[in-house]
A.B. asks: 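Sending over a structure as structure tokens; questions will come in a sec.
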Amino acid sequence: MLNENDGIVILGAGQAGGRAAEHLRAQGYQGSITLIGEEPVLPYERPPLSKEFLHGDAGLAPLRLHADAFYSEQRIVLLLNSRVSRIDTVAHSLHLATGETLRYGKLLIATGARARGWPGLMPDGRLIHSLRDQAEATALKQALRPGQHLLVIGGGFIGLEIAASARKIGCKVTVLEAAPSLLGRVLPADVAALIAARHVAEGVAIRNQARIDRIETLASCVRLHLADGTSLEGDMAVIGIGAQPNTELAEAAGLACDDGILVDESCRTSDADIYAIGDVTRFPSRFHGGLLRLETWDNAEKQAAIAAQAMLGKPAQYDELPWMWTDQYDLNIQMLGLPAKGNVQTVSRGQFGLAAYMHFSLVDGRIRQAVLVNAGRERRQVTKWMKEGAVLAAEKLADAAIPLRSISA
């Protein structure tokens, strides 16, 4: 049980860290809470950065978890624009880059992930961009203008969201993907093909199996040199080739890490007094059958609540079905579960782009992955089936005339 005199320090002031501080107070914790973040801004949610913020006029304020007054009212000390240089697990202390030392009773690491860079090429906010935080999103928003040619390197969700936003602004867009198809690692091939076709219909040029040998920045443009000997020029490029977890401090402190900080079902690390949540963690998942790292809004929200309970000595177990969404043009695409393996039966329901559309990947009659396109109201029922492991008749799932809720296992 945590002694309230010891205090809790949260390392990472993003969505996960901010929510954890909120949950600690909501669950009655009266001790000190210190929230440390490298960014100079209040905790905020990242998903709108590549969507509503990039192509809209709303600005950054709606992204914040809370206004500044919330943190003072809840007695949460904010150390923003602050960098931790070392975690001392023996002394239970954090060493800040300023030379200051901060003690903790329990430490929660929520350092997130950073955009994976292109070897030897740093984003400059002018010709070369990445999109992970507010500063990067703001730089890209200010740079994009109608008629410009944007090169998007990477055909995953972040790349395609940026492509859709840029088209709304009026940019010419080319997406380059090294794999044979877009979204190949996360979606069934036929659904990925439908999404790719929608981008083409919106005017996006897609080049699959486009292997880039070299990226050249010139005075006013970017030139990509491809492995097939061709080259392509654009006004700017966005690198969207994934993210890597910020585990350096945890690794240096001796915590168990492997493509993320390893945690148990209660978000506890290999050190009994240190917990971790969000994009930086790998956790046991019964839906994956092993350790899983997720970079999703939902994972950050749910793990924040679990860790807060666990740090206060309350029973807590994270057992959530993976869920994420993406908005592209007028498509809201929600994914439940993970790509299915083995003897997979695929079932489609509805018509993509014209009405609610669903795609199910079944193994032995059980849904392993579901993709819901403009069908968000059905998420609760599908989630229930997947958590319960319900065995369902494929022909009923496929029949859009049968209400989903009337289908029984």
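Fair warning: this is a prediction, and the values are worked out from it, not measured in the lab.
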A.B. asks: Are Arg116 and Glu295 close enough for a salt bridge, meaning some N to O gap below 4.0 Å?
C.D. replies: no
A.B. asks: Is the count of non-hydrogen atoms from other residues, nucleotides or ligands lying under 6.0 Å from Lys141 atom NZ greater than 12?
C.D. replies: yes
A.B. asks: Pair Leu60, Phe53 - check side chain to side chain contact (heavy atoms under 4.5 Å, CB included), show working.
C.D. replies: CA-CA 7 Å; Leu60 293 167; Phe53 171 73; 3.5 Å; yes
A.B. asks: Kindly compute the distance separating CG (Asp88) from CG (Leu107), expressed to the nearest 0.5 Å.
C.D. replies: 11.5 Å
A.B. asks: Using modelled atom types only, decide if a donor and an acceptor are shared between the side chain of Arg167 and the backbone of Glu202 within a distance under 3.5 Å.
C.D. replies: yes
A.B. asks: Would you verify whether the NZ or CZ of Lys106 falls within 45 degrees of the ring axis of Tyr275 while also being under 6.0 Å from that six-membered ring's centre?
C.D. replies: no
A.B. asks: How close do Leu294 and Pro322 get, heavy atom to heavy atom, and via which atoms?
C.D. replies: CD1-CB, 3.9 Å
A.B. asks: Would you give the length of the straight line joining atom CD1 of Ile10 to atom CD1 of Ile277, rounded to the nearest 0.5 angstrom?
C.D. replies: 7.0 Å
A.B. asks: Do Lys387 and Phe287 come within less than 4.5 Å of each other through their side chains, counting heavy atoms only?
C.D. replies: yes
A.B. asks: Decide if the gap between the ring center of Tyr329 and the ring center of His199 is smaller than 6.0 angstrom.
C.D. replies: yes
A.B. asks: With a 3.5 Å distance limit and no angle check, can you tell me whether Ser85 reaches the backbone of His95 through a side-chain donor-acceptor pair?
C.D. replies: yes
A.B. asks: Asp298: which residues meet the salt bridge (charged side-chain N to carboxylate O under 4.0 Å, His left out) condition with it, sequence neighbours left out?
C.D. replies: Lys302
A.B. asks: What pair of heavy atoms forms the shortest contact from Pro403 to Ser406, and how long is it?
C.D. replies: O-OG, 2.7 Å
A.B. asks: Verify whether one side chain among Arg75 and Gln30 offers a donor that lies under 3.5 Å from an acceptor in the other.
C.D. replies: yes
A.B. asks: Heavy-atom distance under 4.5 Å between the side chains of Ile128 and Thr217, does that happen here?
C.D. replies: yes
A.B. asks: Could Glu52 and Lys168 be called an ion pair, given the rule that one side-chain N must be under 4.0 Å from one carboxylate O?
C.D. replies: no
A.B. asks: Parallel, tilted or perpendicular for Tyr357 and His359, by the 30°/60° rule?
C.D. replies: tilted
A.B. asks: Calculate, to the nearest 0.5 Å, the distance between atoms CG and OG belonging to Asp327 and Ser165 respectively.
C.D. replies: 9.5 Å
A.B. asks: Which is it for Tyr318 and Asp264 under the side chain to side chain contact (heavy atoms under 4.5 Å, CB included) test, yes or no, and what are the steps along the way?
C.D. replies: CA-CA 9 Å; Tyr318 185 76; Asp264 63 14; over 6 Å; no
A.B. asks: Looking at Glu248 and Arg114, does any basic side-chain N land under 4.0 Å from a carboxylate oxygen?
C.D. replies: yes
A.B. asks: Between the main-chain N or O of Leu397 and the side-chain N or O of Arg349, is there a donor-acceptor pair closer than 3.5 Å?
C.D. replies: yes
A.B. asks: Does a side-chain N-to-carboxylate-O contact under 4.0 Å join Arg293 and Asp258?
C.D. replies: no
A.B. asks: Are Cys221 and Leu127 side-chain neighbours, meaning at least one heavy-atom pair lies under 4.5 Å?
C.D. replies: no
A.B. asks: Out of Leu160, Val204, Val373, Asp330, which residue meets the side-chain contact (heavy atoms from CB on, under 4.5 Å) rule with Arg198?
C.D. replies: Asp330
A.B. asks: Mind checking the CG-CG spacing from Leu42 to Leu65? Nearest 0.5 Å is all I need.
C.D. replies: 9.0 Å
A.B. asks: Taking the side chain as C-beta and beyond, is there a heavy-atom pair between Ile87 and Leu11 under 4.5 Å?
C.D. replies: yes
A.B. asks: With a 4.0 Å cut-off on N to O distance, would you call Asp279 and Arg46 a salt bridge?
C.D. replies: no
A.B. asks: Please report the shortest heavy-atom distance between Ala305 and Gln27, naming the atom on each side.
C.D. replies: O-NE2, 3.9 Å
A.B. asks: Just by distance, do the side chain of Arg268 and the backbone of Glu265 share a donor-acceptor pair under 3.5 Å?
C.D. replies: no
A.B. asks: Any non-hydrogen side-chain atom of Pro180 less than 4.5 Å from a side-chain atom of Gln209?
C.D. replies: yes
A.B. asks: Are any side-chain N or O atoms of Glu100 and backbone N or O atoms of Leu96, one a donor and one an acceptor, separated by less than 3.5 Å?
C.D. replies: no
A.B. asks: If I compare all heavy atoms of Leu54 with all of Ile169, which pair ends up nearest, and what's the gap?
C.D. replies: O-CD1, 3.7 Å
A.B. asks: Report the distance from atom CZ of Arg282 to atom CG of Leu292, rounding to the nearest 0.5 Å.
C.D. replies: 8.0 Å
A.B. asks: Does any N or O in the side chain of Ser270 come within less than 3.5 Å of the main-chain N or O of Ala256, such that one atom is a donor and the other an acceptor?
C.D. replies: yes
A.B. asks: Does Phe157 reach the side chain of Ser50, with side-chain heavy atoms less than 4.5 Å apart?
C.D. replies: no
A.B. asks: Report the C-alpha separation of Ile195 and Leu182 in whole Å, then their side-chain angles, then the decisive distance to 0.1 Å, and conclude whether the side chain to side chain contact (heavy atoms under 4.5 Å, CB included) test is met.
C.D. replies: CA-CA 9 Å; Ile195 295 171; Leu182 304 181; over 6 Å; no
A.B. asks: Would you say Asn81's side chain and Glu39's backbone share a donor-acceptor pair under 3.5 angstrom?
C.D. replies: no
A.B. asks: With no hydrogens and no angle check, is any side-chain donor or acceptor of Tyr29 less than 3.5 Å from a backbone partner on Met311?
C.D. replies: no
A.B. asks: Do the side-chain N and O atoms of Thr174 and His149 include a donor-acceptor pair separated by under 3.5 angstrom?
C.D. replies: yes
A.B. asks: If you look at every heavy atom in Ala196 and Ile206, which pair is closest and at what distance?
C.D. replies: O-CD1, 3.7 Å
A.B. asks: Between Ala143 and Gln148, what is the shortest heavy-atom contact and its length?
C.D. replies: O-OE1, 2.9 Å
A.B. asks: Is any side-chain heavy atom of Glu22 closer than 4.5 Å to one of Phe70?
C.D. replies: yes
A.B. asks: For Asp273 and Tyr104, test the side chains for any donor-to-acceptor distance below 3.5 angstrom and give the result as yes or no.
C.D. replies: no
A.B. asks: For a side chain to side chain contact (heavy atoms under 4.5 Å, CB included) check, start with the C-alpha distance between Trp385 and Leu392, then their side-chain angles and the critical distance, and finish with the verdict.
C.D. replies: CA-CA 9 Å; Trp385 282 335; Leu392 303 161; 3.6 Å; yes
A.B. asks: Answer yes or no: does atom CZ of Arg405 have more than 12 heavy-atom neighbours from other residues, nucleotides or ligands under 6.0 Å?
C.D. replies: yes
A.B. asks: How many angstroms lie between atom CG of Leu404 and atom CE of Met358, to the nearest 0.5 angstrom?
C.D. replies: 5.0 Å
A.B. asks: With no hydrogens and no angle check, is any side-chain donor or acceptor of Arg207 less than 3.5 Å from a backbone partner on Leu176?
C.D. replies: no
A.B. asks: Answer yes or no: is there a donor N or O on one side and an acceptor on the other, between the side chain of Arg132 and the main chain of Ala113, under 3.5 Å?
C.D. replies: yes
A.B. asks: Are Glu38 and Arg83 within salt-bridge range, i.e. N to O under 4.0 Å?
C.D. replies: no
A.B. asks: Less than 4.5 Å apart, side chain to side chain, heavy atoms only: is that true for Pro188 and Thr346?
C.D. replies: no
A.B. asks: Applying the salt bridge (Lys or Arg N to Asp or Glu O under 4.0 Å) criterion to Glu45, which one of Lys51, Arg19, Arg64 satisfies it?
C.D. replies: Arg19
